[in-house]
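Here the structure is laid out as structure tokens; the discussion comes afterwards.
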Amino acid sequence: MNLGRDVFGNRPKFGVLIDPDFERDPRFDQLLDYLDQSSVDIILVGGSTSLDDNIDRVLSKIKNACSLSVLLFPGNALQLSPKADGLLLPSLISGRNSEYLIGKHVESALSIVQSGIPVFPMGYILVDGGKVSTTAYITQTLPIPAEHSELVVQTAVAGQLLGMKCIYLEAGSGARHPVSKELIKEVKKHIHIPLIIGGGIREKAEMLRIIDAGADMVIVGTAFEEQPEKIMEFSRAFHQKVQI
Ligand code: 1GP
């Protein structure tokens, strides 16, 4: 898979994040059923708290249920599976914890190469979303204050200069406020690599605002874990907007 072309292509994409822990939830199968019927573009799998080694099984279940491409978005070195179509390899460039900038990568580098999965290096930027996020807690890093757009822009540009192939601007899973459209526009003005937006998107209208602001990919997780049926209306609205 050529991640640049096949994943981002020439129009914005709509992605769903599945936490491997969600496999234990009774709504997991329902979520997969809706994904199969929907016009979602891509599935991301990963989570910052999951320590189960169920990733192969989760990937198998997803692949059996639908034909969508699945990218790993790993929260730790256990979340690696050759069954995935690609790996978004995050470096937490908003933080100053060397473990999440390079340490985990050194630990898993040879396993990643052996797995043969296409890798897409990603600058991961955590922006304050109105509450302490699990990512901030687990990584022991501070998010960038949302009002300091210049710091967010500088961080995104630094990621691009370091060779990252995309930037994930993240308000944190379950954030009170998603990343603002002003901030998305500002970052878009300064980078030419794809921009992924996620965290705290619960309403269709928010998702549509985020596309309007210029996001290349929008990711929703928690809202669909809580109400899997929402996948249908979100993906329909998304594709009406981007007109495939
Ligand atoms: C988290 O951006 C993703 O990494 C998704 O966030 O769970 O809040 O949708 P939500």
Side-chain angles (χ1 to χ4, degrees), residues 7 12-23 25 27-28 31 34-35 38 40-50 55 58 62 70-76 79 84 87-95 100 104 120 122-139 141 143-144 146 152 156 166-181 183-184 187 194-211 213 215-235 237-238:
V7 174
K13 297 288 164 63
F14 184 48
V16 173
L17 175 67
I18 301 179
D19 189 317
D21 280 347
F22 191 64
E23 188 203 9
D25 192 290
R27 289 165 293 190
F28 181 71
L31 182 86
Y34 281 116
L35 280 170
S38 73
V40 165
D41 293 304
I42 195 117
I43 297 174
L44 267 52
V45 175
S48 42
T49 54
S50 181
I55 197 79
V58 168
I62 296 172
V70 183
L71 300 182
L72 297 171
F73 171 40
N76 60 54
Q79 292 172 11
L87 166 66
L88 294 173
L89 184 62
S91 182
L92 183 56
I93 58 177
S94 55
Y100 293 88
K104 305 280 180 196
F120 211 60
M122 176 173 82
Y124 189 47
I125 301 178
L126 190 58
V127 176
D128 185 34
K131 70 174 210 188
V132 177
S133 67
T134 309
T135 305
Y137 175 76
I138 295 286
T139 62
T141 64
I144 302 178
V152 179
C166 64
I167 296 290
Y168 194 138
L169 208 51
E170 163 80 273
S173 188
R176 287 222 176 89
H177 328 287
V179 178
S180 74
K181 83 175 187 296
L183 189 51
I184 297 168
V187 171
L195 180 63
I196 307 174
I197 303 292
I201 303 166
R202 292 179 171 276
E203 302 301 332
K204 249 182 343 192
E206 282 164 353
M207 173 199 66
L208 297 175
R209 270 199 296 277
I210 287 169
I211 312 168
D216 297 288
M217 186 182 289
V218 182
I219 303 294
V220 178
T222 307
F224 297 157
E225 289 184 353
E226 290 171 0
Q227 289 178 281
E229 66 280 6
K230 272 188 162 184
I231 290 176
M232 303 310 285
E233 48 164 302
F234 269 63
S235 60
F238 185 93

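Just so you know, ligand 1 is whichever comes first in the structure, and atom 1 is the first atom listed for that ligand. What you see below is based on every heavy atom in this structure, not just the backbone, and it leaves out hydrogens, waters and symmetry mates.
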Geometric N/O contact Gly200 with ligand 1, under 3.5 angstrom: yes
Aromatic ring pairing Phe14/Phe238, orientation class (parallel under 30°, perpendicular over 60°, tilted between): parallel
Ligand-side contact atoms (ligand 1) for residue partner Gly174, heavy atom cut-off under 4.0 Å: 7 (O), 8 (O), 10 (P)
Proximal atoms of ligand 1 relative to Phe73 (non-hydrogen, under 4.0 Å): 4 (O)
For atom 9 (O) of ligand 1, closest protein heavy-atom neighbour: Gly221 N, 2.8 Å
Flag, side chain of Lys131 to backbone of Gly172, donor-acceptor distance under 3.5 Å: no
Gly199 to ligand 1, any heavy atom closer than 4.0 Å: yes
Sub-3.5 Å N/O-N/O distance, Val220 and ligand 1: no
Test item, Tyr168 contacting ligand 1 (heavy atom, 4.0 angstrom): yes
Side-chain (Asp41) to main-chain (Gly15) donor-acceptor, under 3.5 angstrom: no
Parallel, tilted or perpendicular: rings of Tyr168 and Phe73 (30°, 60°): parallel
Gap separating the CG atom of Leu169 from the CD1 atom of Ile219, nearest 0.5 angstrom: 12.5 Å
Nearest neighbour in protein (non-hydrogen) for atom 4 (O) of ligand 1: Glu170 OE2, 2.4 Å
Thr222 and ligand 1 - part of the residue with a heavy-atom distance under 4.0 Å: both
Under 3.5 Å donor-acceptor, Glu225 side chain and Gly221 backbone: no
Centroid-centroid under 6.0 Å between Tyr124 and Tyr100 rings: no
